[in-house]
Amino acid sequence: MSPSTTIGLLGGGQLGMMLCESASPLNVPIAVLDAENAPAKQINSNKHHVTGSFKDPAKIRELAANCDVLTVEVEHIDTQVLEEIATHGVQVSAADGSTTTKKVAVHPSWKTLRLIQNKYEQKDYLGKQGIPIAEQLALDSGDSMLASMKEASAKFGFPWMLKSRKDSYDGRGNLKISSEADLEHAVSEFGSLSCYAEKWVPFEIELSVIVIRTEDDEGNTKRLIPYPAVETIHEDNICSRVFMPPRNVAPDVSEQAQKVACSVVEKLWGRGVFAVELFFTKDGKVVVNEIAPRPHNSGHHLIEAVPYMSQYKAQLTAILDGPLPEELQPHVSSSIMINILGGANADSHDRLVEKAKSMYANNMAVYLHLYGKESKPSRKIGHITLTGLGTIAELEEFAQPLIKIAEEIRQ
Ligand code: ATP
Ligand code: MG
Ligand code: MG
């Protein structure tokens, strides 16, 4: 890893902020493209930052001119301009007015980002590679949407999930269709979007596996290193808690999930970390929900659980082609992550923060992360990680007061 390599980061939210936190002790400079007061800029002063939107191609080019390799903290980015930068380079102006073209690598590859941006195409691609996914059906938009949703209802039965192909996160872009009566409302809400129908997956629990991927200069997979699987809890479509190891399932489920996740990430392009969201079904199967081609909410706990190689350090190390360990062995036996979501009032979460600061115990630890974001209802404004040297059940019992307050804030 060359300490002089500057990384350009598209998006400066909490994922970018934690990437900067792990880059700082390594002396890796990160130039961020986002608004002036973005969380990643609040903790990382840098003359290479660019102020603007990561959706603006001109700003992306300006950022690329300031750095050696580009990466992302969000997948909803114009891949046309990333392809142009990765393939042809970017124009850089010298002090004397002359211009040269500079090569700037993009990791993960724009190809991965383009595929993943469209959830229908993402899963269509995976399904064709033999990866287990939920059955899906393309839907018409506009006037014929109702008719095509009736076809989906006949094919899948109720309930099924209506999903926007693009721009969805935290469940904004999903609508559960429970009966014929929901269809009219679905057209009025989703009629202007390009959508698809997904068969309901009767899952026992949801899992997530983060995989580090490296590749050679020709784009062939070099290394695939999975972190231990975690159980994720989603409430109102937003991740509220994460458990490592998953509760109430056989230990080999984690290995089964790691295998599927690695087979998914092998089919993608570029270096970095990739989160694979999975369903574990009641009949013991692992089914892929979706991929995030970047550090992920389900891997925040790794900062403390795998301190020598958090998902953020792994992202930096992989894109800079630095040395990675053979396997990722946690330093603790259990970990829980609780998201701090904004409540009804700007200070609703204060109680949760104060409680987290007050909790101490033998063989267990509580770590608070606040992102410097203004509180809004359901907005992710921080998280709490707990680690333990005992069982996940013991740690969960210790975490109960925090889980209870987080639930109360959501009401
Ligand atoms: P993210 O913030 O993870 O990007 P998203 O908006 O892309 O979220 P999904 O991951 O598609 O949304 O779905 C959000 C949640 O909805 C899932 O974690 C799961 O709890 C539920 N869900 C999604 N698809 C299905 C399905 N086919 N069957 C049952 N539940 C589902
Ligand atoms: Mg998603
Ligand atoms: Mg998801």
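As the structure lists them, so they are numbered: ligands from 1, and atoms in each ligand from 1. As the structure is a computational prediction, the values presented were derived from the model and not from experiment.
Residue contacts to the Mg ion (ligand 2): Glu277 brings no N, O or S atom closer than 2.8 Å.
Using 4.0 Å as the threshold, Phe203 has a heavy atom nearer than that to some atom of ligand 1. In this structure, Ala134 falls outside the shell of residues with a heavy atom less than 4.0 angstrom from ligand 1. The shortest separation from a heavy atom of Lys176 to ligand 1 is not under 4.0 Å, leaving the residue out of contact.
Heavy-atom contacts of His234 reach the following atoms of ligand 1: 18 (O), 20 (O) (cutoff under 4.0 Å). Distances below 4.0 Å separate heavy atoms of Glu277 from the following atoms of ligand 1: 3 (O), 10 (O). Listed by number with element, the atoms of ligand 1 under 4.0 angstrom from any heavy atom of Tyr169 are 2 (O), 4 (O), 6 (O). Of all the atoms in ligand 1, the ones that sit under 4.0 Å from a non-hydrogen atom of Met161 are 16 (O), 21 (C), 22 (N), 23 (C), 24 (N), 25 (C), 31 (C). Atoms of ligand 1 lying under 4.0 Å from any heavy atom of Lys119, numbered from 1 in the order shown and given with element: 5 (P), 7 (O), 9 (P), 11 (O), 12 (O).
With a 4.0 Å heavy-atom cut-off, ligand 1 is reached by no atom of Ile238.
Side chains of Tyr120 and Gln122: no donor on one and acceptor on the other come within 3.5 Å. Between the side chains of Lys123 and Tyr196, a donor-acceptor pair is found at a separation under 3.5 Å. The closest side-chain donor-acceptor pair between Gln14 and Lys380, if any, does not fall under 3.5 angstrom. With hydrogens and angles left out, the side-chain atoms of His301 and Gln311 include no donor and acceptor closer than 3.5 Å.
Within Glu290, the N, O or S atom at minimum distance from the Mg ion (ligand 3) carries the name OE2.
At least one donor-acceptor pair closer than 3.5 Å links the side chain of Tyr308 to the backbone N or O of Gln329. For Glu73 (side chain) and Gly16 (main-chain N/O), a donor-acceptor pair under 3.5 Å exists by modelled atom type.
Closest to atom 28 (N) of ligand 1 among all protein heavy atoms lies Val201 N, 2.9 Å. Of all protein heavy atoms, the one closest to atom 2 (O) of ligand 1 is Asp170 N, 2.6 Å. At the shortest separation from atom 18 (O) of ligand 1 among protein heavy atoms lies Glu206 OE1, 2.6 Å. Closest protein heavy atom to atom 6 (O) of ligand 1: Gly171 N, 2.7 Å. In terms of protein heavy atoms, atom 23 (C) of ligand 1 is closest to Lys163 NZ, 3.4 Å. In terms of protein heavy atoms, atom 25 (C) of ligand 1 is closest to Phe279 CZ, 3.6 Å. Atom 4 (O) of ligand 1 has as its closest protein heavy atom Glu290 OE2, 3.0 Å. Nearest non-hydrogen protein atom to atom 13 (O) of ligand 1 is Asn174 ND2, 3.0 Å.
At a threshold of 4.5 Å between non-hydrogen side-chain atoms, the residues Ser240 and His234 do not count as touching.
Checked by distance only, ligand 1 and Trp200 stay at 3.5 Å or farther apart across all their nitrogen or oxygen atoms. Of the polar atoms of Asn237, at least one N or O is found under 3.5 Å from an N or O of ligand 1, judged by distance alone.
Checked against the 6.0 Å centroid criterion, the rings of Phe274 and Trp269 do not qualify as a close aromatic pair. You'll find the ring centres of Phe54 and His76 outside the 6.0 Å limit.
Here the options are Glu396, Glu231, Glu206, Glu407, the test is salt bridge (Lys or Arg N to Asp or Glu O under 4.0 Å), and the partner is Arg241; only Glu407 passes.
Using bins of under 30°, 30° to 60° and over 60° for the plane-to-plane angle, the ring pair Tyr371/His383 lands in the tilted bin.
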>> Test salt bridge (charged side-chain N to carboxylate O under 4.0 Å, His left out) on Glu215 and Arg223; report intermediate values, then the result.
In response: CA-CA 7 Å; Glu215 63 180 22; Arg223 303 277 306 278; over 6 Å; no

